[in-house]
Amino acid sequence: MPELPKKYNIGEREKYWQNFWAKEGTFKFDEKSDKPIYSVDTPPPYVSADHLHMGHIMSYSQAEFVVRYKRMRGYNVYYPMGFDDNGLPTERFVEKKYKIDKSKVTRPEFVKICLEETKKGAQNYKDLWTALGISVDWSKTYSTINEHCQQISQWSFIDLYKQGKMLYKEEPTFWCPKCQTALAQADLEDKEEKGKLNYVNFSSPDGKKLQIATTRPELIPACVALFVNPEDKRYRDLVGKKAKVPLFDYEVPIMADPLVDPEFGTGLMMVCTWGDAEDVRKWKEYKLETRKIVDTKGLLTELAGSYQELYLTKAREQILADLKKEGLLEKQADTEHVMNVHERCDTPAEFIITKQWFIKVLDAKEALLKRGEELKWHPEHMKSRYVNWVEALKWDWCISRDRYYGVPFPVWHCQDCAEVILPEEKDLPVDPSVDKPPVSTCPKCKSENIVPESNVMDTWMTSSLTPLIGAKLVEDEAMQQKLYPATLRPQAFEIIRTWLFYTVTKAYYHHKSLPFKEKYSPESQLPFSDAMISGHGLDDKGRKISKSLGNYVDANKIIEQYGADAIRYWATGASLGANMRYSEDEIKKGKKTVNKLWNATKFCLSHFANLDLEKKVELEPADQWVLDELYNTIQDVTDDFDNYEYSKARNSTDAFFWQTFTDNYLELIKYRLYNKEEVGSESYIAAQQTLYTCISAILKLYAPIMPFITEELYQAYFKDIEGANSIHISAWPEAKGEWEMKDEETKAEFAKVLGVIFEIRKYKSDQQISLGKEINEFKTGDKDLPEKYFDFVEKATRVKKLIR
RNA sequence: GGGCACUUGGCGCAGUUGGUAGCGCGACUGUUUUACACACAGUAGGUCGGGGGUUCGAAUCCCUCAGUGCCCACCA
């Protein structure tokens with residue numbers, strides 16, 4: 001009979017099983033199997049995260065609970081891993097970490113540092129995920145800067161270009177003066193700021209005062225018109241006339257637009273090129289003049305006269321001071337206004353006119369909303385975030401970034417006729433800055449003046465293709481078709497508007513071009529069928545974990561201290577989509593559960609000598625009762641996992657394991673197991689068999705959540721009986737109909753029996769005597785307890801004589 | 001200004017078809033019951049954010065108000 005050591009050495013054994021799973025290839029995808037597929041579009045983390053905290057652990061664990069469950073349910077699980085290591089996040093990380101001034105290094109030098117740095121980052125992640133027991137197939141990994149991903153990203157570009165979904169246009173676009181690149185709408189965040197509303201005097205040609213209110217006086221030299229509401233009686237006569245711009249002394253037209261709010265400021269509004277989206281609209285609609293006064297670095301241009309070369313904020317101070325001096329600043333009022341800042345650096349975004357690549361999304365809104373409806377959201381309410389975002393879209397998706405490190409556009413431009421020259425698909429990936437163009441002269445104008453596109457792609461341009469990137473890691477094309485679209489997309493809610501939205505968009509546009517027709521119907525044009533949206537981690541006080549607060553807990557340290565199982569247990573603490581606090585108490589509870597499983601299994605194994613699972617014996621009431629409870633538990637837990645409710649699954653498993661099984665059932669049958677004369681009797685065998693059924697099911701129910709301890713215990717005994725090489729590929733427990741206590745009368749009777757047992761425990765507790773102490777007699781308050789249970793109650797509670 | 005979520009014992013949370021309020025942590029009183037003191041037995045503690053309605057009956061459905069958090073929005 002196997003005997004477990006007294007203590008379970010968490011650190012040592014968890015390492016052992018990590019190696020075991022790697023060596024055995026337990027989580028390796030079976031490319032030959034014809035079992036049903038469950039494929040996961042694993043989130044590729046930014047490797048530039050320089051510290052991994054509990055928030056990372058939480059979201060990856062939560063998805064993994066479901067994945068492990070599916071594996072045990074018999075699915076052929078495809079669980080690849082990716083690392084997002086291209087683009088702006090990485091660039092900024094490297095610049096900051098090494099304090100690099102990019103104007104002083106060459107592009108290849110810089111890229112080399114980025115590659116080295118991301119390699120380190122990927123290793124950090126791999127180590128942490130391995131320690132946590134995340135069951136990905138490490139033989140199926142990608143990094144978004146590698147050739148595989150570049151090839152698919154460039155294919156995507158060309159396909160969209162050919163479909164006419166790609167625009168190359170010169171337009172005022174969101175621009176980050178700090179990162180010096182164009183941005184997409186999704187790269188911006190709202191930030192509320194206290195500021196001043198400045199009342200500034202313009203003047204009419206005949207010298208009349210025209211007062212406007214603005215929060216951005218530095219844009220006065222960019223003013224191209226004044227606007228009023230057409231209904232505004234105060235200004236009606238002015239429409240069609242001219243106004244003189246203060247300090248700069250040139251004239252602009254006065255016009256009317258119904259969207260001007262007469263109640264705001266003075267009702268007279270300054271329109272610049274370009275202060276905000278509304279300026280851009282008016283500029284386009286009324287074909288206003290263009291005055292470019294801000295350059296790509298956020299410095300004012302020569303149009304700003306004496307303010308040239310000043311940064312925007314500096315120019316504001318200067319202009320305000322000068323206005324004041326001239327008596328043109330009538331007053332200043334406190335105001336709060338919302339501005340768009342670049343989410344990666346918090347710098348207010350400007351509108352700058354540059355030539356950029358865009359993917360059309362505005363004219364696909366309706367179709368994209370429909371895709372959102374077709375997607376199965378878990379939890380359901382997260383869908384509204386997607387719907388909100390799509391409905392509010394105002395700009396096409398700008399995918400080019402004026403940066404160094406990213407996937408190059410597969411594009412050359414003819415300098416003379418602006419023809420766009422693309423490579424052959426078979427030559428992808430290409431790097432136009434290094435590779436020769438596919439033609440030596442422009443196919444349209446025969447010019448030899450061909451130059452490579454210098455911008456790189458937005459990182460989302462690649463990560464929006466992860467389901468395809470993942471599927472294509474497998475070589476067999478028939479299998480690729482089964483892997484795409486993926487089954488599950490797990491991700492955090494913050495990136496619904498980016499990762500999820502962009503991926504849905506790409507899948508919708510590409511579905512006709514992909515060879516993967518088998519799973520596709522006209523109704524299904526999604527990159528995955530289910531989206532599992534997690535919340536984010538909070539610190540123990542409920543604040544968001546952030547670098548600036550310094551409130552993050554080092555993930556590796558906690559694993560070392562408590563073990564991966566205990567931390568994963570904590571990660572079940574909040575239901576899907578809810579934010580979750582870091583709680584050391586919950587981790588401790590997890591560790592206790594590990595310990596309890598160890599001890600309970602140790603107890604069971606010590607009674608499994610000559611275990612005969614085949615022999616038909618009659619079960620006793622206690623056995624029937626616990627099996628009935630087990631039946632309900634398995635059903636509940638199965639339903640819960642099917643509904644992505646790992647939190648409820650854990651609660652139900654906990655309740656059965658701690659209360660029903662260990663606190664009650666084990667205590668109720670000890671007298672049968674320890675009585676030497678009973679060994680080998682029907683009663684003894686019934687207890688053994690029931691014990692086996694319960695404990696093996698318990699281990700399996702916990703296996704998705706606590707993979708290490710359950711594997712340890714499974715391997716110690718159950719493996720030989722069940723056959724599967726690992727508990728994680730063994731069969732999920734079946735709730736057998738025969739366990740269900742269908743007879744209501746027996747059920748009610750046993751409830752009474754338990755009532756009397758609790759009565760006796762309370763009596764002993766009140767008397768402050770040990771539960772193990774035998775007492776001579778006990779008079780129960782339950783007058784209806786059937787006599788046939790007296791013997792059982794007496795033995796189970798150590799009462800010599802039970803009196804009714 | 002709009003949307004979504006949340007508001008249940010000291011703390012963190014469950015309560016999915018409406019039917020006598022649960023769990024964990026903490027507190028307190030006990031107990032070495034031949035698995036486990038990382039345990040077990042027991043005790044105290046809540047009129048389920050406020051108000052109104054539907055119903056024989058509501059934490060659970062409807063309305064309304066308030067607070068918290070997140071997302072979104074052109075009031076310069």
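With P as the reference atom, B:rG19 and B:rU68 are 32 Å apart, rounded to whole Å. Taking atom C1' on both B:rG24 and B:rC38, the two are 15 Å apart, rounded to the nearest angstrom. Nucleotides B:rC23 and B:rC48 are separated by 15 Å at their C1' atoms, to the nearest Å. Straight-line distance between the P atoms of B:rU8 and B:rG51: roughly 15 Å, to the nearest whole Å. Separation of the C1' atoms belonging to B:rU7 and B:rU60 is 15 Å when rounded to the nearest angstrom. A distance of about 15 Å separates the C1' atoms of B:rA58 and B:rC63, rounded to the whole Å. As rounded to the nearest Å, B:rC71 and B:rA59 have P atoms that lie 34 Å from one another. Taking the P atom of each, B:rC75 and B:rU64 are spaced 26 Å apart, rounded to whole Å.
Taking every side-chain heavy atom of A:Asp663 into account, B:rA41 is the closest of B:rG3, B:rC70, B:rA41. Among the nucleotides B:rG24, B:rC38, B:rA41, the one closest to the side chain of A:Arg761 is B:rA41.
The residues A:Lys589 and A:Asp585 are annotated as not salt-bridged, no charged nitrogen and carboxylate oxygen being separated by less than 4.0 angstrom.
The aromatic rings of A:Trp389 and A:Phe501 stand perpendicular to each other, their planes meeting at an angle above 60°, with 30° marking the opposite boundary. The aromatic rings of A:Trp397 and A:Tyr502 sit parallel to each other, their planes meeting at less than 30°, with 60° as the upper class boundary. Using cut-offs of 30° and 60° on the angle between ring planes, the pair A:Tyr692 and A:Phe718 is tilted.
Along RNA chain B, the nucleotide closest to A:Glu586 and the one closest to A:Lys773 are compared, and the more 5′ of them pairs with A:Glu586.
Within the nucleic acid shown, A:Ser583 has no heavy atom closer than 4.0 Å to any nucleic acid atom. Among the protein residues, A:Ala392 comes within range of the sugar-phosphate backbone only, with heavy atoms under 4.0 Å from sugar or phosphate atoms but none that close to a base. Within 4.0 Å of A:Glu667, counting heavy atoms only, lies at least one base atom of the nucleic acid. Here A:Asp585 lies in heavy-atom contact (under 4.0 Å) with sugar-phosphate atoms only. Among the atoms of the strands shown, none is found under 4.0 Å from any heavy atom of A:Trp570. Counting non-hydrogen atoms under 4.0 angstrom, A:Lys670 reaches a base of the nucleic acid.
Aromatic ring centres of A:Tyr684 and A:His607 lie farther apart than the 6.0 Å criterion allows.
Side-chain atoms of A:Lys596 and base atoms of B:rC36 include a donor and an acceptor less than 3.5 Å apart.
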Which protein N or O atoms sit under 3.5 Å from an N or O of nucleotides 14-19 of chain B?
from: B:rG15; atom 1: OP1; to: A:Lys648; atom 2: NZ; distance (Å): 3.1
from: B:rU16; atom 1: N3; to: A:Lys648; atom 2: NZ; distance (Å): 2.9
from: B:rU16; atom 1: O4; to: A:Lys648; atom 2: NZ; distance (Å): 2.7

Given Watson-Crick and G-U pairs under 3.5 Å, RNA chain B in dot-bracket ([ ] crossing, | other strand) is ((((((((.[[[[.)...(..]]]].(((((.......))))).....[[[[[..)....]]]]])))))))....

